[in-house]
Trainee: 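Structure below; questions to follow.
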Amino acid sequence: QVQLAESGGGLVQPGGSLRLTCAASGSNFRINSMGWYRQAPGKERELVATVTEGGGTNYGDFVKGRFTISRDSAKNTIYLQLSGLKPEDTAVYSCNLDGSYYSFGWLGFVSWGQGTQVTVSA
């Protein structure tokens, strides 16, 4: 079973920065991609950013160069640097892992973290 541990959320003023961290732990698994999604009250969950094991990245349209996702494959950890934060970025940010585990063959799975609150307010 793979577990995701998130950290780094909090309260920040408009224009400020935060760094979110998500670390995956478990055994006999491999990662296809990891990423961050967010959900604000009353809104649908949306993609923030993903990074594949090969290093390819994908960002939500609203990011517009403000956020950067990176990974440390040796630690099964990803980071999301949030900069130029706006009040509309306020949401619960959740880590996602798309991977495979071995059980008489490789089987796909998706795991989610519990989420970390990011609040942007003066």
Trainee: Kindly compute the distance separating OG (S94) from CZ (R45), expressed to the nearest 0.5 Å.
Mentor: 6.5 Å

Trainee: Checking the side chain of Y101 only, and the main-chain atoms of G26 only, is there a donor and an acceptor separated by less than 3.5 Å?
Mentor: no

Trainee: Do you know the tightest heavy-atom contact between W106 and S100?
Mentor: CZ3-O, 3.6 Å

Trainee: Tell me which donor-acceptor pairs under 3.5 Å the side chains of residues 6-13 have, and how far apart each pair is, sequence neighbours excluded?
Mentor:
{"residue": "E6", "atom": "OE1", "partner": "Q114", "partner atom": "N", "Å": "3.1"}
{"residue": "E6", "atom": "OE1", "partner": "G115", "partner atom": "N", "Å": "2.5"}
{"residue": "E6", "atom": "OE2", "partner": "C95", "partner atom": "N", "Å": "2.6"}
{"residue": "E6", "atom": "OE2", "partner": "G115", "partner atom": "N", "Å": "3.4"}

Trainee: If hydrophobic clusters are built from ILVMFWY residues whose side chains come within less than 4.5 Å, do V92 and L82 share one?
Mentor: no

Trainee: Between Y37 and W112, is the ring centroid distance below 6.0 Å?
Mentor: yes

Trainee: Tell me if a side-chain donor or acceptor on T77 pairs with a main-chain N or O of K75 at a distance below 3.5 Å.
Mentor: yes

Trainee: Taking all atoms of both residues into account, what is the closest heavy-atom pair of I31 and L97, and its distance?
Mentor: CG1-CD1, 3.9 Å

Trainee: Can you tell me how far CZ of R19 sits from OG of S83, rounded to the nearest 0.5 angstrom?
Mentor: 11.5 Å

Trainee: Taking R71 for its side chain and E53 for its backbone only, find out whether a donor-acceptor pair lies under 3.5 Å.
Mentor: yes

Trainee: Take L85 and L18 through the test side chain to side chain contact (heavy atoms under 4.5 Å, CB included) and record every step on the way to the result.
Mentor: CA-CA 8 Å; L85 284 162; L18 285 173; 4.3 Å; yes

Trainee: Nearest 0.5 angstrom please: T21 OG1 to D72 CG, how far?
Mentor: 10.5 Å

Trainee: Run the numbers on F67 and F62 for side chain to side chain contact (heavy atoms under 4.5 Å, CB included), then give the verdict.
Mentor: CA-CA 10 Å; F67 304 166; F62 64 89; 3.9 Å; yes

Trainee: Among V48, V51, I69, which residue satisfies the side chain to side chain contact (heavy atoms under 4.5 Å, CB included) criterion with Y59?
Mentor: I69

Trainee: List the atom of R66, the atom of G84, and the distance in Å for their closest heavy-atom pair.
Mentor: NH1-O, 3.0 Å

Trainee: Can you give me the closest heavy-atom contact between S111 and L4, atom names plus distance?
Mentor: O-CD1, 3.6 Å

Trainee: Quick check: do Q117 and T90 have side-chain heavy atoms less than 4.5 Å from each other?
Mentor: yes

Trainee: When hydrophobic residues are tied together by side-chain contacts of less than 4.5 Å, even through go-betweens, does I78 share a cluster with V110?
Mentor: no

Trainee: Begin from the C-alpha positions of V2 and F109 and carry the test side chain to side chain contact (heavy atoms under 4.5 Å, CB included) through to its verdict.
Mentor: CA-CA 9 Å; V2 175; F109 72 93; 3.5 Å; yes

Trainee: Distance check, rounded to the nearest 0.5 Å: N96 atom CG versus C22 atom SG?
Mentor: 8.5 Å

Trainee: Would you say that P87 contacts P14 through its side chain, given a criterion of any heavy-atom pair below 4.5 Å between the two side chains?
Mentor: yes

Trainee: At their closest point, which heavy atom of Q81 faces which heavy atom of S17, and how far apart are they?
Mentor: NE2-CB, 3.9 Å

Trainee: Quick check: closest heavy atoms across L47 and T50, and the distance to 0.1 Å?
Mentor: CD1-CG2, 3.4 Å

Trainee: Salt bridge (charged side-chain N to carboxylate O under 4.0 Å, His left out) with R38: which residues, sequence neighbours excluded?
Mentor: E46, D89

